[in-house]
Trainee: 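There's a structure below that I have some questions on.
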Amino acid sequence: HEENAAFITLVFPDSPAQAAGLMRGDRITAVEGQPFTSADQIRGPEGSQVRLTIQTPQADPRELLITRRAVVGKITPSGRRLPNAPNVGYLLIPSLWADDMHTQVVSELSKLVADPQPLDGLILDLRSNGGGWRSVLEGIFGQFVSGEVGNFYSQEKLYPLNVKPGLLYEQLRQVPLAVLIDKDSASYAEVLAGTLQFNGALVLGQPSQG
């Protein structure tokens, strides 16, 4: 979270937050009228209510009364064509910790390339992505690059990062890429952004943790 606010990076489907209309990019600035300091302020017994003050970019603050209930969900990517630029795709990858995130990403990318409109550009959103599993990293890499794309270093030796072409490699390898990062992009998310940048992608946003 930011100082005195919680930045929303992911809203689970079928959750009280989604029902209330909360969206990625919103900030929780107050809980029960008190400045936000910790997520503990939001938690409480199922069925109880909590009053949140929400700040949406380019909008006035608003208050929401949300009824708490258990949230069961998984972290998922989200893809779409941009409304004002249908030839440009957008894919949010919120984390690399879900062990099937790479297969979910391939599924979302498949939908984007299946659209009758040709895909002339793709935006990968890695903001607030704190990294995750190497197998997930490599599974995503394989849709855009192949071969030896870099190296990992330890004090003792060098580990080449060899990537096998993925299911969509031939369809996506020539598509121009833009990658969004911020101060909370970290670890393998930084490796993903940096390697794609080295291979021609445009990286935009804020300096990442590393």
Side-chain angles (χ1 to χ4, degrees), residues 9-10 24-25 75-210:
T9 59
L10 180 69
R24 175 180 170 88
I75 299 174
T76 60
S78 175
R80 66 178 186 272
R81 293 289 185 116
L82 297 185
N84 297 326
N87 285 54
V88 178
Y90 168 87
L91 179 64
L92 166 65
I93 307 176
S95 173
L96 305 179
W97 279 117
D99 57 9
D100 65 341
M101 181 60 69
H102 53 306
T103 58
Q104 293 187 65
V105 164
V106 171
S107 177
E108 289 296 312
L109 289 172
S110 296
K111 296 174 189 175
L112 290 174
V113 299
D115 191 288
Q117 289 266 35
L119 190 64
D120 294 336
L122 179 64
I123 300 167
L124 297 182
D125 193 342
L126 301 180
R127 290 175 295 179
S128 298
N129 185 319
W133 301 110
R134 180 168 171 172
S135 58
V136 171
L137 170 73
E138 293 178 357
I140 294 173
F141 263 146
Q143 311 314 312
F144 305 103
V145 296
S146 70
E148 188 173 315
V149 298
N151 296 288
F152 291 107
Y153 295 89
S154 71
Q155 290 183 339
E156 293 80 26
K157 61 185 298 186
L158 175 149
Y159 302 88
L161 176 56
N162 289 302
V163 177
K164 296 178 180 179
L167 183 67
L168 301 174
Y169 174 71
E170 290 298 331
Q171 293 167 277
L172 292 173
R173 65 184 183 130
Q174 299 298 332
V175 174
L177 281 179
V179 183
L180 305 181
I181 62 170
D182 65 7
K183 61 184 178 61
D184 294 317
S185 303
S187 187
Y188 278 159
E190 293 175 289
V191 174
L192 179 57
T195 303
L196 292 177
Q197 182 183 42
F198 185 75
N199 282 272
L202 177 66
V203 175
L204 304 165
Q206 300 172 305
S208 61
Q209 285 194 23

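Position 1 is the first residue of the sequence; numbering continues from there. Just so it is clear, the model here is predicted, and its values are computed rather than measured.
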Trainee: Let me confirm one number: the CG-CD distance from Asp120 to Gln174, rounded to the nearest 0.5 Å.
Mentor: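 One gets 12.5 Å once the value is rounded to the nearest 0.5 Å.
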Trainee: Given side chains that start at C-beta, do those of Ser110 and Leu168 come closer than 4.5 Å, heavy atoms only?
Mentor: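 SC-SC contact between Ser110 and Leu168 confirmed.
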Trainee: Looking at Arg80 and Tyr90, would you say the former's side chain and the latter's main chain have a donor-acceptor pair under 3.5 Å?
Mentor: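 No, the answer is negative, given that no donor and acceptor are paired below the 3.5 Å cut-off.
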Trainee: Counting C-beta onward and ignoring hydrogens, is there a side-chain heavy-atom pair between Phe141 and Leu196 closer than 4.5 Å?
Mentor: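 Heavy-atom side-chain distance check passes, below 4.5 Å.
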Trainee: Side chains of Ile140 and Leu124: closer than 4.5 Å at any heavy-atom pair?
Mentor: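 Ile140 does not reach Leu124 side chain to side chain.
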Trainee: Within this structure, what is the CG-CD distance for the pair Leu112 and Gln171, rounded to the nearest 0.5 Å?
Mentor: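 Between Leu112 CG and Gln171 CD, I get 11.5 Å after rounding to 0.5 Å.
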Trainee: Can you confirm whether more than 12 heavy atoms, excluding those of Phe152, are under 6.0 Å from its CZ atom?
Mentor: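 Count over threshold, so yes.
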Trainee: As an exercise, state the distance from CG of Leu137 to CD1 of Ile93, rounded to the nearest 0.5 Å.
Mentor: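 Reported value, rounded in 0.5 Å steps: 10.0 Å.
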Trainee: Verify side-chain contact (heavy atoms from CB on, under 4.5 Å) between Ser154 and Lys157, making sure each step is shown before the conclusion.
Mentor: CA-CA 5 Å; Ser154 71; Lys157 61 185 298 186; 4.0 Å; yes
Trainee: Which atom pair, heavy atoms only, marks the closest approach of Tyr169 to Ser146?
Mentor: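 Heavy atoms of Tyr169 and Ser146 come nearest at OH-OG, 3.2 Å.
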Trainee: Indicate the atoms forming the closest heavy-atom contact of Asn129 with Ala189, along with that distance.
Mentor: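 Of all heavy-atom pairs spanning Asn129 and Ala189, the closest is O-CB, 3.3 Å.
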Trainee: Please examine the side chains of Asn151 and Pro160, heavy atoms only from C-beta on, and report whether any two atoms are closer than 4.5 Å.
Mentor: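 Yes, side chains in contact.
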Trainee: Counting C-beta onward and ignoring hydrogens, is there a side-chain heavy-atom pair between Arg134 and Leu161 closer than 4.5 Å?
Mentor: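 Touching, per the 4.5 Å side-chain cut-off.
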Trainee: Quick check for you: to the nearest 0.5 Å, what is the distance between Tyr188 atom OH and Ser95 atom OG?
Mentor: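 It is 13.5 Å, given to the nearest 0.5 Å.
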Trainee: Counting distance only, does the side-chain N/O of Arg127 pair as donor-acceptor with the main-chain N or O of Gly205 below 3.5 Å?
Mentor: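 Absent.
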Trainee: Trp97 versus Ile75: any side-chain heavy-atom pair under 4.5 Å?
Mentor: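 No, every pair of side-chain atoms sits at 4.5 Å or beyond.
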Trainee: Answer yes or no: is there a side-chain heavy-atom contact under 4.5 Å between Met101 and Val105?
Mentor: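 Yes; the side chains approach each other to less than 4.5 Å.
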Trainee: Which atoms form the tightest heavy-atom contact between Ser187 and Gly130, and what is the distance?
Mentor: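 It is CB-O, 3.6 Å.
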Trainee: Distance check, rounded to the nearest 0.5 Å: Leu180 atom CG versus Leu126 atom CG?
Mentor: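 If I round to the nearest 0.5 Å, the distance is 7.5 Å.
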Trainee: Sub-3.5 Å donor-acceptor pair from the side chain of Asn87 to the main-chain atoms of Pro118, do we have one?
Mentor: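 Checked: pair present.
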Trainee: Check Leu91 against Glu108 and note the closest heavy-atom contact, atom names and distance.
Mentor: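 Heavy-atom minimum between the residues: CD1-CB, 3.6 Å.
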Trainee: Minimum heavy-atom separation for Leu119 and Gly89, please, with both atom names.
Mentor: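 In terms of heavy atoms, the two residues are closest at CD1-N, 3.5 Å.
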Trainee: Going by the side chain to side chain donor-acceptor pair (under 3.5 Å) test, which pairs reach into residues 195-210, not counting sequence neighbours?
Mentor: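 Non-adjacent pairs meeting side chain to side chain donor-acceptor pair (under 3.5 Å): Glu190-Ser208.
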Trainee: Decide side-chain contact (heavy atoms from CB on, under 4.5 Å) for Leu109 and Leu122; before the verdict, give the C-alpha distance in whole Å, the side-chain angles of both, and the deciding distance to 0.1 Å.
Mentor: CA-CA 10 Å; Leu109 289 172; Leu122 179 64; 3.8 Å; yes
Trainee: Between Thr9 and Arg24, does a side-chain contact (heavy atoms from CB on, under 4.5 Å) hold up when you go through it step by step?
Mentor: CA-CA 5 Å; Thr9 59; Arg24 175 180 170 88; 3.7 Å; yes
Trainee: Could you measure the distance from the CG atom of Leu204 to the CD1 atom of Ile123? Nearest 0.5 Å is fine.
Mentor: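 Rounded to the nearest 0.5 Å, the CG-CD1 separation comes out at 8.5 Å.
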Trainee: Give me the atom names and distance for the closest heavy-atom approach of Pro77 to Gln104.
Mentor: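 Shortest heavy-atom contact: CD-OE1, 3.2 Å.
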Trainee: Decide yes or no on side-chain contact (heavy atoms from CB on, under 4.5 Å) for Leu167 and Gln143, but give the supporting numbers first.
Mentor: CA-CA 7 Å; Leu167 183 67; Gln143 311 314 312; 4.3 Å; yes
